[in-house]
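Every chain is numbered from 1, with letters handed out A, B, ... down the list of sequences. Side-chain atoms are counted along with the backbone in the values below, which use heavy atoms only and exclude waters and symmetry mates. All of these numbers come straight from a predicted model, not from anything done at the bench.
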Amino acid sequence: MTIRLSAADFRRFAATLSGTERASAPPATHPATAAPAPAAVPVRTNVGELPAYPPTEQWDRWTELDAKAWPERVPHTYTLVPTTCFNCESACGLLAYVDIDTLRVRKFEGNPAHPGSRGRTCAKGPATLNQVYDPERILYPMKRAGRRGEGKWERTTWDEVLDTFAARIRKALVEERKTEIIYHVGRPGEDGYMERVLQSWGVDAHNSHTNICSSGGRFGYAAWMGIDRPSPDYANARFTLLISSHLETGHYFNPHAQRIMEAKKRGAKLAVMDPRLSNTASMADYWMPTYPGSEAAVLLAMANVLIQEDLYDREFVRKWTNWDQYLRDEHPEVAPTFEEYERVLKTLYVAYTPEFGEAESGVPAAQIIEVAHEIGRAGSAFAAHNWRAAAAGNLGGWMVARCLFFLNVLTGSVGTPGGTSPNIYDKYVPRPFAEPPKQQVWNELTWPREYPLSHHELSFLLPHFLQDGRGKADVYFTRVYNPVWTNPDGFTWMEVLADESKVGLHAAMTPTWNETAWFADYVLPMGTGAERHDLHSYETYAGQWIGFRQPVRRVAMERLGQRVRYSYEANPGEVWEENEWWIELSWRIDPDGSLGIRQYYESPYRPGEKLTVDEYYAWIFEHSVPGLPEAAAQEGLSPLGYMRKFGAFEIRAGVAKSYEQPVAAEDVAEGSVDEQTGLVWSKRPRPHGSNVVPKPAPATGERGTQVGVLVDGVARAGFPTPSGKLEFYSRTLRDWKWPEYALPTYIRSHVHPETMNRARGEFALIPTFRLPVLIHTRSNNSKWLTEIAHSNPLWMHPSDARQLGLESGGLVRVNTEIGYFVPRVWVTEGIRPGVVACSHHMGRWTLAQYQAHGGWSSALAELGHDDSQWQLRQIHGTQPYTSDDPDTSRIWWTDAGVHQNLTFPVHPDPVSGSHCWHQKVRVEAAQQGDRYGDIAVDTVKSRAVYREWLALARPAPGPDGTRRPHWFLRPYRPDPQAYRLPQLSDAHG
Amino acid sequence: MGESDVRAQRAGRAALFDTLADLMLREVEAPLAEQLRVDPVLHRVLRPPDDAANLAALRADYARVYLVTAPPYASIYLDDPPMIGGESSRRWEAALRAWGCPLASVERAAASDHAGLFLRALAQAERDGDATAVLAEALRWLPPYLTALRIHDPDGFYGRVGELTTAAVLESTRTARAPATDKDDAEQDHRAPPLPEDDNLRSLVAWLCTPAQSGWYLSKPQLRRLGQSLGVATGVTDREHMLMQVFEASGLDGRTGYLLDALRAEHARWSDACATWERELERWSSAVRPWRARLAATDRLLVRLQDALDQYTV
């Protein structure tokens with residue numbers, strides 16, 4: 001050691017160093033740059049669970065150094081505005097750093113005040129910056145200048161757009177053509193706003209993307225509890241079973257992943273069913289690579305283990321399932337006692353042995369037994385989730401979710417710490433002012449009578465229905481949605497969108513160009529997650545919260561004292577936010593109030609005057625969010641001011657076991673109990689509270705309204721089902737013509753191995769999986785994200801590749817029922833033999849002859865069309881180009897992926913209505929002349945497959961002569977009279 | 001030495017530890033630079049920057065040293081695999097909680113096992129009159145860390161910070177009570193880590209790049225230089241991958257012997273440093289025995305590799 005210090009040295013240190021100011025003091029002068037001296041750089045602090053972020057009291061004005069100027073110290077002062085990410089459905093909190101000198105958003109970080117994401121984001125959150133400053137984004141409203149699909153556009157004004165659409169919609173309303181208005185939404189990103197708009201117009205216009213997404217899974221959950229989504233309390237689980245990729249990409253990925261990992265750090269175990277070794281599966285204690293569609297067989301085998309070994313929660317099953325109804329209906333020969341039910345139960349699933357599970361799935365019986373035992377040991381702390389995955393892939397996929405929740409029911413892990421709750425326990429949709437009445441009409445273009453139980457709109461069948469001549473979409477909005485690219489059978493979409501007799505006036509509301517916008521009449525630039533208002537609440541953990549999306553530049557300008565009337569004054573170009581746009585449009589549809597619409601757009605604070613977006617949310621925050629006014633007062637803020645500052649508010653933390661809540665005394669006093677069913681009815685039920693989260697409709701009748709169920713002599717809230725309990729036995733399915741599916745059972749998929757001829761190169765194709773950094777069509781306008789992931793090769797097991805003589809990187813032709821696509825193959829042991837997989841997050845293309853439509857993510861393509869024969873061929877992949885953003889000159893990759901969805905026909909599940917995404921395909925080496933990315937489809941074949949699947953349906957009416965069970969959840973539920981079917985003479989042909 | 005003199009020296013050590021913590025937790029600002037300049041000892045030892053340009057250059061040095069060359073985290077030196085926020089962080093957090101110390105710094109977003117926080121805790125312990133407990137924890141890894149700092153920044157400001165910290169820590173050990181030794185712990189600590197069971201390159205490289213096994217910290221600049229000497233550009237990647245490339249390159253053109261010579265030279269540097277620490281620590285010398293055991297294991301591994309090479313060559 002070369003340095004020696006003497007005693008004298010230390011004594012002097014005591015005198016000279018002990019008075020040193022520590023780092024908490026900012027530098028008094030700026031050593032490295034000339035005057036003027038910069039503002040002091042505040043110190044990040046420790047709050048919550050993250051190491052450091054700016055203290056909230058300094059968010060209005062926060063100074064930090066410019067990282068790019070390092071090692072020079074160049075300070076920038078920002079105002080920090082919270083918003084929520086609009087890339088996926090999680091709505092994680094973001095914090096926008098808006099430079100107060102330039103009003104440019106410098107970056108997005110996580111919002112530590114957001115209870116769902118807790119300051120964390122995935123790659124997609126910070127990439128919002130790319131989307132705001134995307135050099136290719138649409139900055140002004142555009143109007144078609146040539147023929148539809150010709151790609152010629154001219155700039156127009158918002159006034160012209162509003163007047164055009166207002167006149168067309170008003171005409172349709174006045175002429176009672178209320179089913180000709182359709183609003184087709186991809187990612188809603190908000191709760192309740194559009195419901196109010198569309199219902200104020202009196203139309204049944206909503207058309208969601210859900211039937212190509214989660215409706216299968218939702219149906220499986222709804223069949224049990226009326227409520228269609230699970231809310232697992234991962235953080236407190238002892239064992240978690242996922243049939244989706246929640247650790248890497250799946251639903252509510254970021255808030256879920258962090259809590260799953262917290263539990264794992266405490267010793268919880270994780271099992272993942274996935275034919276692919278996904279990133280999620282790679283983190284699991286048990287990877288169960290099930291053959292696609294066999295998941296329910298494995299789940300029932302595990303249920304059987306729990307039942308046969310008495311590992312289930314007897315008390316929970318006795319108290320909270322409708323076993324008695326099942327015995328009465330299906331086993332009248334036995335006494336309706338729980339002991340008899342248990343005896344029957346042991347026989348019901350006895351055929352689902354672990355060996356049967358293994359035979360169907362390929363997962364070893366020993367592993368099935370081991371996982372079942374883990375689940376049994378976890379008991380009430382068993383969390384599970386299925387969102388899309390198997391439920392969205394297979395004929396009967398909805399039964400996977402039903403069988404999965406069966407395990408929750410058997411373990412009593414419903415609404416428990418570490419268990420799985422109905423999602424509405426953890427979701428809060430605040431009631432707005434002046435709610436319009438429910439619409440009196442029923443739109444059969446979206447809710448056709450062939451699918452009376454369909455959980456969401458048959459949106460992906462719309463082009464076929466229009467081709468069938470079932471109706472017309474006179475005014476058609478696609479909003480943050482790209483059905484040509486996202487949906488199956490995109491060429492049929494193109495045929496219909498190009499036909500003005502079927503689609504009258506089409507507005508694509510989108511922040512960026514997409515394949516569908518190409519076929520629109522108007523392209524309306526709508527804001528990204530940093531340019532719009534939205535209010536939302538999702539079941540991302542055991543608790544209730546609301547998040548507030550904001551146009552961050554507008555908020556920054558207002559903080560600096562500037563007045564902003566409309567968000568487009570603050571956003572780039574004339575990018576608008578939809579909420580203000582809908583207010584303006586509605587006002588112009590009914591300027592004098594004669595249609596009864598205008599009243600819903602008048603200010604609650606200034607009678608008769610037009611509502612502002614501030615007033616809309618101020619009213620909600622003041623009246624409908626419990627605890628928010630008090631929390632705001634503590635901060636010296638108005639409720640709106642609180643939400644503008646913090647961007648989120650937690651209403652409740654922890655698990656709520658709402659079904660056990662006793663029925664309110666006043667309801668019981670005014671009510672009666674049905675002795676046989678135990679249902680509690682009230683003549684005068686209490687009005688709903690301020691949480692208007694969509695729920696199943698309670699039954700009504702002579703006794704009044706169903707408000708609860710008697711359990712061991714106590715009237716409790718129960719579940720919103722006809723039995724008031726969890727429905728092991730679904731009388732609804734029985735009565736609506738599906739008696740074979742009344743109990744949790746196993747439905748063989750349309751890609752079951754027995755349908756495959758391996759010698760011919762036939763495989764089950766999994767086309768549904770996400771990639772961690774992308775999100776369907778919405779992440780297209782982010783260079784950073786596309787740079788990370790831009791390829792979707794066909795996953796194939798080495799044994800299959802050997803048999804076909806294929807190697808990684810080689811071109812293959814993947815033949816579907818209606819055509820083929822040509823990807824490259826990736827040989828990997830990360831997928832089970834007999835199955836191939838291809839992510840749907842790739843294959844964007846543009847027909848533009850210039851680089852202004854997705855240059856960093858889309859291939860330039862040419863479209864060939866000869867009657868029903870369609871071809872798409874890539875001219876070239878991505879390539880660098882010059883723009884204001886130097887990043888566009890750094891496009892080093894050329895692969896844009898392959899658009900496989902174009903080659904898929906529609907597969908509507910006859911019960912849930914969900915599209916069944918998995919495909920039976922024949923894989924072969926590419927043929928001479930095939931080029932990477934080639935697509936070929938015959939839409940005549942598409943029509944044939946559509947009719948084949950349509951024939952599987954069992955149409956309405958149900959036992960009561962209606963279109964659909966009224967108690968079922970339905971988005972934008974119409975008035976009960978609309979459920980009645982018209983006389984046969986009125987019916988469509 | 002009188003009581004007041006002892007107190008004054010403790011106060012001096014505390015003040016110095018605080019200053020050293022500042023130097024490790026944040027870039028040098030003008031006031032701190034000025035303070036270093038006016039103190040004759042620190043001015044002589046550290047040679048602080050004397051103008052704005054040198055101060056700016058020192059900021060670049062700070063990042064280079066602490067982010068690339070010699071990470072100031074206990075986890076890197078003690079955990080297998082080395083990972084910030086790992087087992088050592090949790091152990092240290094528990095200790096900080098027990099002592100009533102803050103778990104994180106206000107200066108930077110750093111994990112709790114940052115060297116600066118150890119030095120802060122040492123400062124506090126000196127003021128409280130007994131640094132024994134903090135030293136016992138700190139000496140589990142500060143010697144290899146400070147060695148890394150000196151080896152990997154031999155001519156730089158932060159290398160000198162490492163030397164000064166070494167001197168201050170040694171001075172602290174001379175006045176602290178001797179550590180209590182737990183027999184089981186001691187036996188376990190002194191046991192050499194098992195060598196990789198097989199000689200596949202991935203296992204060997206992982207072992208050599210894990211200080212908790214090898215006892216040394218091979219830095220990226222060092223591996224880059226080693227690669228350059230073998231004509232291989234290691235690129236921007238992790239250390240294991242860099243060393244893997246170096247091994248592969250040496251194998252391709254028959255220069256593995258040269259590579260092993262270089263590794264043995266590195267081992268000698270670390271062994272010398274370890275021996276010096278052991279000697280200087282006197283009553284606390286047992287603190288570095290686990291480190292010595294790791295280096296001894298590395299020595300055996302290098303011998304094994306040489307034997308294998310000789311066999312192959314013959």
Notebook entry, point to check: chain A heavy atoms under 4.5 Å from B/R7: which part of the residue, side chain, backbone, both or neither?
Noted result: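 Contact with chain A is absent: no heavy atom of B/R7 under 4.5 Å.
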Margin query: Can you tell me which portion of B/V41 sits under 4.5 Å from chain A's heavy atoms? Options are side chain, backbone, both or neither.
Written below: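 Backbone plus side chain of B/V41, per the 4.5 Å heavy-atom cut-off to chain A.
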Item checked: Exceeds 12 heavy-atom contacts within 6.0 angstrom, atom NZ of A/K783 ->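 More than 12 within 6.0 Å, yes.
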Item checked: Residue B/R202 excluded, over 12 heavy atoms near CZ under 6.0 Å ->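 Atom CZ in B/R202 is not packed in, count stays at 12 or less.
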Next item on the list: Please determine if A/K107 and A/E64 form a salt bridge, counting it only when a charged side-chain N lies under 4.0 Å from a carboxylate O.
Entry: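 Salt bridge present between A/K107 and A/E64.
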Next item on the list: Sort out for me which of B/A60, B/A167, B/A8 touches chain A most, counting heavy-atom pairs under 4.5 Å.
Entry: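 Among the listed options, the one with the most contacts to chain A is B/A60.
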Item checked: Between A/Y78 and A/W59, ring centroids under 6.0 Å ->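 Centroid separation for A/Y78 and A/W59: 6.0 Å or greater.
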